[in-house]
Amino acid sequence: MEPHIPSKTGTTFFKTCFNGVNALAGFGILSIPYALSQGGWLSLMLLFVTAVICCYTGILLQRCMDSNVLVKTYPDIGELAFGRKGRLIVATFMYLELYLVATEFLILEGDNLEKLFPYKFDIGTWKIGGKQGFVLLAALVILPTTWLRSLSILAYVSLGGVLSCLIVVASVVWSGAADGVGFHKRGVLLRWSGIPTAVSLYAFCFSGHAVFPTMYTAMRDRTMFSRVLFVCFGLCFLNYGLMAVLGYLMYGQSLKSQVTLNLPVGKLSSKIAIYTTLINPFTKYALVVTPVANAVEDWFQVSKNRSICIVIRTILVVSNVVLALTVPFFGYVMAFTGSVLSSTATMLLPCACYLKVFKNTLRWGFELVIILAVMLTGLVIAIMGTYSSLKQIILNL
């Protein structure tokens with residue numbers, strides 16, 4: 001393998017770091033205090049372990065890409081390792097995760113709009129609950145953005161994701177310090193029953209592997225990518241950890257699936273946090289749904305037919321709405337996504353691909369033991385987290 005020679009084009013180290021933090025710093029920030037309340041104070045160690053594991057598997061993906069210059073995307077890595085079946089498996093997990101994230105956006109909109117405007121909708125003889133009504137309203141507003149073929153404007157706006165996370169954290173600090181909430185809750189040291197939910201949510205928070213290959217290929221100096229990962233995961237761990245501790249100290253075991261739902265009604269800090277939370281889905285929904293829509297359009301070979309593309313994208317949004325209304329449990333859906341999809345895409349698949357690509361050069365040693373341990377961890381999270389989240393969803397239906 002020839003050493004990489006830095007090019008004169010491509011993204012700089014700091015721009016790549018920014019893109020990486022933006023990929024990792026999503027709406028998981030809202031549920032991280034809830035995750036800590038489920039697992040207890042000692043589960044913070046699991047947050048750190050999850051960050052380290054996901055950073056390491058990101059490096060494994062980089063090594064796979066270094067082995068073949070034709071590899072540009074995560075599905076490419078799957079194909080390099082396991083052929084067409086590998087590409088299909090990786091792509092399936094990627095698109096399912098994006099689909100469920102889009103559904104989470106609508107649930108988030110419904111929850112937070114209902115907190116701001118506790119109304120019910122009366123349409124003739126129909127009476128629709130506030131949360132359900134706002135999910136439908138949000139979907140109607142978002143729908144036209146999914147019809148756009150060029151998302152360059154939305155992509156530019158979505159770069160505000162990092163800033164949005166910082167604003168939400170600052171608003172929560174403001175609420176605790178100045179709005180009478182305080183930081184006095186003791187919490188519990190460990191809740192064994194909540195560990196599967198906590199770890200599943202932690203896995204969701206550090207799931208950015210689908211975009212890592214794209215970031216890597218776009219870098220000016222790819223030899224610096226491992227340092228980019230260290231910076232990104234380090235900063236996100238600190239941000240998530242701070243938010244988790246603050247939220248848990250403020251509300252203890254009474255934390256809801258989104259910390260914004262606990263904030264006092266009518267306070268300026270609460271409004272800033274909720275409005276900031278609400279803006280993100282409007283700018284990011286189309287970006288999340290478009291890869292799924294493109295895959296469906298390519299599958300049916302209709303990507304050049306504008307009318308059919310609009311119909312497909314509309315059907316995707318409608319299906320998201322149906323799922324959001326049927327399973328309107330933000331925390332449990334996120335835990336399910338984290339356990340089934342995120343743990344697979346961030347732990348199991350990178351390790352499996354690495355072992356297959358380098359099977360002829362691997363020797364039994366410390367790193368191989370670590371890789372096998374990571375795979376076992378991912379498998380345990382997938383099984384226990386899926387069981388726990390599905391059980392909670394079924395009990396609450």
Side-chain angles (χ1 to χ4, degrees), residues 23 26 61 65 68 70-107 109 135-158 207-215 217-218 281-327 333 336-337 340-342 344-346 348-349 352-353 386:
L61 290 182
M65 296 189 71
N68 191 315
L70 298 178
V71 175
K72 305 293 182 185
T73 65
Y74 200 174
D76 287 347
I77 295 174
E79 185 169 8
L80 175 68
F82 299 104
R84 295 294 297 175
K85 288 183 180 178
R87 169 178 282 275
L88 182 62
I89 290 171
V90 171
T92 299
F93 278 98
M94 275 179 56
Y95 296 138
L96 275 176
E97 184 175 14
L98 290 173
Y99 182 82
L100 289 179
V101 166
T103 304
E104 289 273 52
F105 279 149
L106 295 179
I107 298 173
E109 291 291 314
V135 167
L136 292 169
L137 188 62
L140 285 174
V141 174
I142 289 172
L143 178 60
T145 67
T146 66
W147 298 338
L148 298 174
R149 301 298 290 183
S150 173
L151 297 176
S152 56
I153 297 176
L154 285 173
Y156 179 77
V157 175
S158 76
S207 177
H209 291 55
V211 300
F212 287 167
T214 305
M215 288 166 47
T217 54
F282 284 107
T283 59
K284 287 190 173 182
Y285 184 93
L287 291 170
V288 169
V289 166
T290 295
V292 183
N294 288 341
V296 175
E297 290 160 9
D298 290 341
W299 178 268
F300 289 106
Q301 298 181 343
V302 294
S303 56
K304 294 182 180 180
N305 190 316
R306 178 79 174 137
S307 300
I308 295 179
C309 288
I310 289 177
V311 171
I312 288 173
R313 287 159 192 254
T314 303
I315 291 172
L316 275 175
V317 175
V318 170
S319 66
N320 271 159
V321 170
V322 171
L323 186 57
L325 294 176
T326 307
V327 191
V333 173
F336 176 77
T337 307
V340 180
L341 304 175
S342 299
T344 303
T346 61
L348 290 173
L349 289 177
C353 290
T386 302

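Note that this is a predicted model, so its numbers are computed, not measured. If you read the sequence from its start, that first residue is 1, and numbering goes on from there.
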Before giving the answer on side-chain contact (heavy atoms from CB on, under 4.5 Å), spell out for L323 and L100 the whole-Å C-alpha distance, their side-chain angles and the decisive distance to 0.1 Å. CA-CA 9 Å; L323 186 57; L100 289 179; 3.8 Å; yes

Quick one: closest heavy-atom pair of [X] and [Y], and the distance?
| X | Y | answer |
| --- | --- | --- |
| A324 | I107 | CB-CG1, 3.8 Å |
| S319 | Y99 | OG-OH, 2.7 Å |
| V71 | M65 | O-CE, 3.3 Å |
| L88 | T92 | O-OG1, 2.7 Å |
| P291 | L98 | CB-CD1, 3.9 Å |
| T145 | A286 | O-CB, 3.5 Å |

Do [X] and [Y] have side chains that get closer than 4.5 Å, going by heavy atoms?
| X | Y | value |
| --- | --- | --- |
| V321 | L136 | yes |
| V318 | I315 | no |
| L316 | V292 | yes |

Could you walk me through whether R313 and T290 pass the side-chain contact (heavy atoms from CB on, under 4.5 Å) test, one step at a time? CA-CA 8 Å; R313 287 159 192 254; T290 295; 3.9 Å; yes

Under the ring pair (Phe, Tyr, Trp, His ring centres under 6.0 Å) test, residues paired with F105 that sit two or more places apart: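 By the ring pair (Phe, Tyr, Trp, His ring centres under 6.0 Å) rule, F105 matches F27.
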
Those residues that, when tested against [X], pass side-chain hydrogen bond (donor to acceptor under 3.5 Å, both in side chains) (two or more places apart):
| X | value |
| --- | --- |
| T337 | none |
| Y285 | N320 |
| T217 | none |
| T214 | none |

Could you grab the distance from atom [atom1] of [X] to atom [atom2] of [Y], nearest 0.5 Å is fine?
| X | Y | atom1 | atom2 | result |
| --- | --- | --- | --- | --- |
| F300 | N305 | CZ | CG | 13.5 Å |
| L61 | I77 | CG | CD1 | 4.5 Å |
| F93 | L348 | CZ | CG | 8.0 Å |
| Y74 | C353 | OH | SG | 6.0 Å |
| D76 | L70 | CG | CG | 8.5 Å |

Would you mind listing every salt bridge (Lys or Arg N to Asp or Glu O under 4.0 Å) that reaches into residues 94-107, with sequence neighbours excluded?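 Passing the test, one end in residues 94-107: no pairs.
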
Give the intermediate values and the outcome of side-chain contact (heavy atoms from CB on, under 4.5 Å) for residues M94 and H209. CA-CA 9 Å; M94 275 179 56; H209 291 55; over 6 Å; no

Check the pair I142 / L106 against side-chain contact (heavy atoms from CB on, under 4.5 Å), numbers first and verdict last. CA-CA 10 Å; I142 289 172; L106 295 179; 4.2 Å; yes

